[in-house]
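Report on one structure; see the data block that follows.
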Amino acid sequence: MKERPPPVFGIPELDAVLGPALPAGWLGLLTGSPGSGTHLLAKQAAHAAAGSGPVLYYATHESAAEVTRVFESFGWDPLPITIADLGRELHQEQLDRDIAVGRARARGLALAEAALGAPAVPSGAYPPSLAGRLLTDVAPRDAPFRLVLDSLDLLLERGSAEETTRVARQIRHQALAVGGGALLVLHPAVTEPRTVALLEVIADFVVHLDLVEDGTQFYPSFLLRKVRNHPECARRFRGSVTGRGMEAQF
Amino acid sequence: MAPPEPGPHPATARGPRDRCSTGIEALDNILEGGIPRGSTVLVAGSVGTGKTTLSLEFLLHGAERGERSLFLSVTEPAAKLVENMRSFEFFREELLGTGMLTLVDIPVVYERLGLDHEEMRPDEIRIFLATLDAFLTESRARRVVLDSLTSLAYRIQREERIRDFMLRLSEILTAHGCTTLLVSEIGPQPGRYSLRGVEEAIVDGVLLLGNARRHGDILRVLQVIKMRGTPHSRAQYVVEMTPIGLLLAPHFQGESGPEE
Ligand SMILES: Nc1ncnc2c1ncn2[C@@H]1O[C@H](COP(=O)(O)OP(=O)(O)O)[C@@H](O)[C@H]1O
Ligand SMILES: [Mg+2]
């Protein structure tokens with residue numbers, strides 16, 4: 001008997017609609033405007049899968065410590081989550097490399113540094129490809145995993161739209177093969193419309209978050225705008241944030 | 001002036017010091033003892049015609065005779081070249097350790113100097129050439145091979161930049177007085193010896209390697225197209241690659257089909 005897959009977001013109303021409609025392995029897209037709660041919802045989606053298998057959380061705008069602090073503030077245990085601060089990794093490695101190159105250019109290269117038997121260029125002197133990093137983490141998996149990438153911005157900025165959609169397809173393919181799910185956060189306001197559209201085509205579902213003004217109050221609004229093969233599932237939820245995370249009412 | 005005495009090495013009349021023996025006996029004979037010292041020679045040919053093998057033999061021969069030799073490899077990792085050289089009976093491992101033969105991985109230079117992107121900007125071309133200049137100074141190389149000029153030049157797409165690059169490269173090689181083979185990768189079509197055309201302008205000589213068909217076999221052939229300061233035959237020779245190096249034999253055109 002197979003274990004039931006973990007909920008997608010840990011928001012019962014939303015999970016009740018999504019869960020039955022999704023395949024055993026899926027790729028979801030979470031879009032939203034800044035301030036609408038995408039960072040929080042991304043973390044909640046990681047927490048929702050805690051204990052069910054490996055959970056990988058990739059932050060690009062926050063440090064690992066900040067992510068951990070947010071988890072703790074909602075009473076979510078950060079320990080089962082593997083948190084990677086991709087922004088820091090990439091910027092640090094880029095910085096290390098720029099410094100190494102600058103020094104080599106200034107002093108000149110010795111023959112021994114490039115001749116047969118030269119010591120390898122210290123690793124970290126190369127900026128790794130973000131796509132490569134994600135795929136190396138995901139490709140060897142043979143059991144359900146949960147991956148949350150907050151957000152695709154860095155991949156789009158460092159790579160290309162083509163690379164980004166290719167990585168999305170490959171991650172989805174891997175999720176389909178071994179089970180589990182991947183949630184990718186995307187900020188449409190800073191992304192080419194064509195790329196947004198293409199990622200929406202690739203994704204099994206798309207949730208869009210908005211911040212709605214209601215008099216002097218603001219509340220998040222969830223729009224479940226695509227579920228593959230289930231157009232009847234599309235709907236809007238009114239959200240709120242409590243001490244336990246985000247909640248939603250249909 | 002008395003005419004040079006007839007003999008197998010007429011170059012001895014001029015003094016072998018002026019000539020850089022390639023180690024390939026028949027080629028040395030065609031060239032009156034070897035490549036004129038200090039010249040830059042294009043070794044042109046399509047893939048698999050033996051450009052790298054000929055270049056390695058040229059350097060090994062020099063290193064054996066105490067001439068410091070430098071192989072600048074763009075296309076193949078230096079470690080793989082060592083493997084190739086082991087197929088020569090006369091290859092001795094010590095040549096590598098003693099600095100007589102130095103193999104440089106150009107991609108490592110790109111990486112370390114941050115030049116590892118598709119197109120080099122003018123300041124990056126300057127950095128690269130300054131590095132080559134420094135390598136020549138440090139290695140005190142008498143013989144140099146660049147394999148290949150084509151793949152190096154691939155990173156310089158603009159016409160005016162490639163021209164400047166070639167001229168500057170030629171100046172550097174001349175200033176160091178090295179005898180240089182520049183490998184040129186070309187398609188199998190006859191008539192051209194380099195991809196961009198400008199390469200031919202900076203060299204003193206052109207060796208053309210190619211394929212020829214004979215009785216359904218495909219033979220490797222070599223031809224001296226040009227060698228400044230050397231009256232030479234322009235005949236095609238059949239090249240045989242053997243553990244004792246490249247062997248040349250006259251190619252009887254009557255037996256051959258069209259050039260590949
Ligand atoms: N000593 C040898 N005996 C027989 N074949 C050889 C020898 N050395 C090299 N070859 C073969 O000759 C071919 C051409 O070699 P190479 O010099 O690399 O050509 P190019 O540099 O023009 O592409 C290769 O396939 C190689 O395996
Ligand atoms: Mg070659």
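We name chains A, B, ... by the order of the sequence lines, and we start the count at 1 in each one.
Here the straight-line distance linking atom CD of B:E111 with atom CZ of A:R97 works out to 7.5 Å at 0.5 Å rounding. The CD1 atom of B:I127 sits 11.0 Å away from the CG atom of A:L109 when rounded to the nearest 0.5 Å.
Judged by distance alone, with hydrogens and angles left aside, the side-chain atoms of B:R112 form no donor-acceptor pair with the main-chain N or O of A:V101 at under 3.5 Å.
Under a cut-off of 6.0 angstrom, the local environment of CZ in B:R86 is crowded, with over 12 non-hydrogen atoms contributed by other residues, nucleotides or ligands. Annotation: B:R163, atom CZ; neighbour count of heavy atoms from other residues, nucleotides and ligands within 6.0 Å does not exceed 12. When the shell of 6.0 Å around OH of B:Y154 is examined, it contains 12 or fewer heavy atoms from other residues, nucleotides or ligands. By the 6.0 Å contact criterion, CD on B:E160 is enclosed, its count of non-hydrogen atoms from other residues, nucleotides or ligands being greater than 12. The environment of CZ in A:R107 is crowded: more than 12 heavy-atom neighbours from other residues, nucleotides or ligands sit within 6.0 Å. Under a cut-off of 6.0 angstrom, the local environment of CD in B:E171 is crowded, with over 12 non-hydrogen atoms contributed by other residues, nucleotides or ligands.
B:L72 does not touch chain A: none of its heavy atoms, backbone or side chain, sits under 4.5 Å away. Only the side chain of B:T102 has a heavy atom closer than 4.5 Å to any heavy atom of chain A. Heavy atoms of A:A118 lying under 4.5 Å from chain B are absent altogether. For B:L81, no part sits under 4.5 Å from any heavy atom of chain A, backbone or side chain. Using a 4.5 Å cut-off between heavy atoms, B:L113 contacts chain A through both its backbone and its side chain.
In this structure, B:F135 and A:L111 approach most closely via the heavy-atom pair CG-CD1, 3.5 Å. Listed here is the closest heavy atom pair of B:V108 and A:A114: CG1-CA, 4.0 Å. Closest approach of B:E124 to A:R105, counting heavy atoms only: OE2-NH2, 3.8 Å.
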